[in-house]
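Quick one: structure below, then a few questions.
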Amino acid sequence: MKNTTLLVSTAIVLALTACSKTETPATGATPSTSSAATASVAANSGSSYDMVAANSKGFTVGALMSAQAVYVLFDPQCPHCGRLWQASLPLHSKAKFVWIPISFNPTKSLPQGAALLSAANPVEAMNAHEQSLLAGTGGMSASSDVPEEIKQAITNNTQLLNRLGVDSVPFLLGKHRKTGEIVSFNGAMETAALANLLGIE
């Protein structure tokens with residue numbers, strides 16, 4: 001109970017570091033906190049975790065053979081998603097992360113999400129993209145000619161986020177390594193907080 005209270009308190013404080021669909025993600029504008037409350041309710045059951053695992057399309061990085069899968073729904077134009085990506089890098093040797101692109105901004109997010117899904121080396125591509133985005137240069141260059149199959153996958157990912165009752169990203173779903181409890185978080189966080197959320201030492 002103590003750990004759950006700590007996680008909820010941390011989520012409320014840090015949920016201000018997320019991009020919502022009602023704003024332009026790259027501006028870094030602060031969304032409302034209502035999305036975080038909704039996310040907490042939506043993700044407290046195993047069904048949300050299983051729904052994302054079964055119905056999303058993303059790229060997998062980190063410890064590929066790990067039984068601990070962590071799902072992150074993100075918009076390529078969201079700087080807070082970039083910060084969460086950077087925070088996750090030190091944990092790649094300890095957990096498997098599946099990054100699932102959604103699109104709040106079809107003009108930019110969709111082509112960039114498609115490029116990331118198609119990248120031969122997703123870690124290298126995502127690192128370069130997020131560094132560019134956080135530097136204020138808009139992220140990777142990507143063709144607007146997106147294959148229909150990938151376009152549909154990203155559309156489905158976006159609809160999945162909506163079905164979860166979540167309206168901002170990054171949105172993370174995982175299992176606590178020690179307790180097996182489903183944990184969720186809406187927003188960016190530091191590496192230590194992410195490791196604590198996931199029960200990784």
Side-chain angles (χ1 to χ4, degrees), residues 3-4 7-8 11 15 18-19 21 35-76 78 80-82 84-85 87-89 91-104 109-110 112-119 121-123 125-126 147 149-189 191 193-200:
N3 286 342
T4 303
L7 294 178
V8 171
C19 293
K21 60 186 172 184
S35 60
T38 305
S40 296
V41 172
N44 276 339
S45 70
S47 61
S48 296
Y49 181 89
D50 294 339
M51 185 191 311
V52 171
N55 298 297
S56 63
K57 181 172 179 63
F59 57 90
T60 305
V61 299
L64 302 184
M65 300 304 290
S66 173
Q68 185 177 24
V70 181
Y71 299 96
V72 184
L73 288 97
F74 77 104
D75 186 296
C78 169
H80 307 299
C81 298
L84 184 61
W85 166 262
S88 75
L89 291 175
L91 303 180
H92 278 191
S93 64
K94 300 179 178 180
K96 173 171 60 179
F97 289 84
V98 182
W99 287 77
I100 303 162
I102 62 102
S103 176
F104 287 153
S109 301
L110 183 61
Q112 288 175 340
L116 291 167
L117 280 178
S118 305
N121 186 333
V123 174
M126 188 73 162
E149 179 183 341
I150 295 180
K151 181 178 180 180
Q152 190 58 54
I154 294 174
T155 299
N156 290 343
N157 290 344
T158 307
Q159 291 170 349
L160 177 60
L161 185 75
N162 294 334
R163 289 205 307 274
L164 292 170
V166 181
D167 66 359
S168 65
V169 289
F171 179 66
L172 176 151
L173 272 169
K175 288 184 180 178
H176 192 277
R177 177 166 291 179
K178 295 175 183 175
T179 66
E181 177 187 9
I182 301 297
V183 294
S184 67
F185 194 84
N186 202 181
M189 67 180 91
T191 301
L194 179 58
N196 183 57
L197 178 73
L198 299 171
I200 298 173

Measure from the side-chain N and O atoms of S103 to the backbone N and O of S109, and report whether any donor-acceptor pair falls under 3.5 Å.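 No; zero donor-acceptor contacts below 3.5 Å.
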
Using the side-chain hydrogen bond (donor to acceptor under 3.5 Å, both in side chains) rule, collect all pairs that involve residues 57-70, keeping only residues at least two apart or in two chains.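 Non-adjacent pairs meeting side-chain hydrogen bond (donor to acceptor under 3.5 Å, both in side chains): Q68-R177.
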
Can you tell me how far OG of S56 sits from CD1 of I102, rounded to the nearest 0.5 angstrom?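 If I round to the nearest 0.5 Å, the distance is 12.5 Å.
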
Going by the angle between their ring planes, with limits at 30° and 60°, are W85 and H92 parallel, tilted or perpendicular?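 Judged by the thresholds at 30° and 60°, the geometry between W85 and H92 is perpendicular.
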
Would you please name every residue forming a side chain to side chain donor-acceptor pair (under 3.5 Å) with N156, sequence neighbours left out?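 With sequence neighbours excluded, N156 shows a side chain to side chain donor-acceptor pair (under 3.5 Å) to Q152, given in chain and number order.
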
Measure the shortest side-chain to side-chain distance between D167 and L161 over non-hydrogen atoms and say whether it is less than 4.5 angstrom.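 Answer no - side chains too far apart.
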
Between L172 and L194, is there a side-chain heavy-atom distance shorter than 4.5 Å?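 Yes. Closest side-chain heavy atoms under 4.5 Å.
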
Show your reasoning for whether side-chain contact (heavy atoms from CB on, under 4.5 Å) applies to V98 and F59. CA-CA 6 Å; V98 182; F59 57 90; over 6 Å; no

Is any side-chain heavy atom of C19 closer than 4.5 Å to a side-chain heavy atom of D75?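 A side-chain contact is absent here, since even the closest heavy-atom pair is not under 4.5 Å.
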
For a 4.5 angstrom cut-off between non-hydrogen side-chain atoms, does F97 reach V123?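 Side-chain contact under 4.5 Å: no.
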
Identify, with sequence neighbours excluded, every residue that meets side chain to side chain donor-acceptor pair (under 3.5 Å) alongside K94.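 With neighbours one apart ignored, the set is empty.
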
Has N157 got a side-chain atom pairing as donor or acceptor with I100's backbone, closer than 3.5 angstrom?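 No, the answer is negative, given that no donor and acceptor are paired below the 3.5 Å cut-off.
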
Return the set of residues passing side chain to side chain contact (heavy atoms under 4.5 Å, CB included) with A115 (not counting sequence neighbours), or none when no residue passes.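 For A115 the side chain to side chain contact (heavy atoms under 4.5 Å, CB included) partners, ignoring immediate neighbours, are M140, A142.
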
Tell me, do P170 and C78 make a side-chain contact under 4.5 Å, heavy atoms counted?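 Heavy-atom side-chain distance check passes, below 4.5 Å.
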
So do L110 and K151 actually touch side chain to side chain, heavy atoms under 4.5 Å?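 Side chain of K151 against side chain of L110, heavy atoms only: contact under 4.5 Å found.
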
Can you confirm whether K175 sits close enough to I182 that some side-chain heavy atom of one is under 4.5 Å from a side-chain heavy atom of the other?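 Heavy-atom side-chain distance check passes, below 4.5 Å.
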
Residues in side chain to side chain donor-acceptor pair (under 3.5 Å) with W99, at least two apart?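 Scan of W99 (side chain to side chain donor-acceptor pair (under 3.5 Å), adjacent residues dropped) gives none.
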
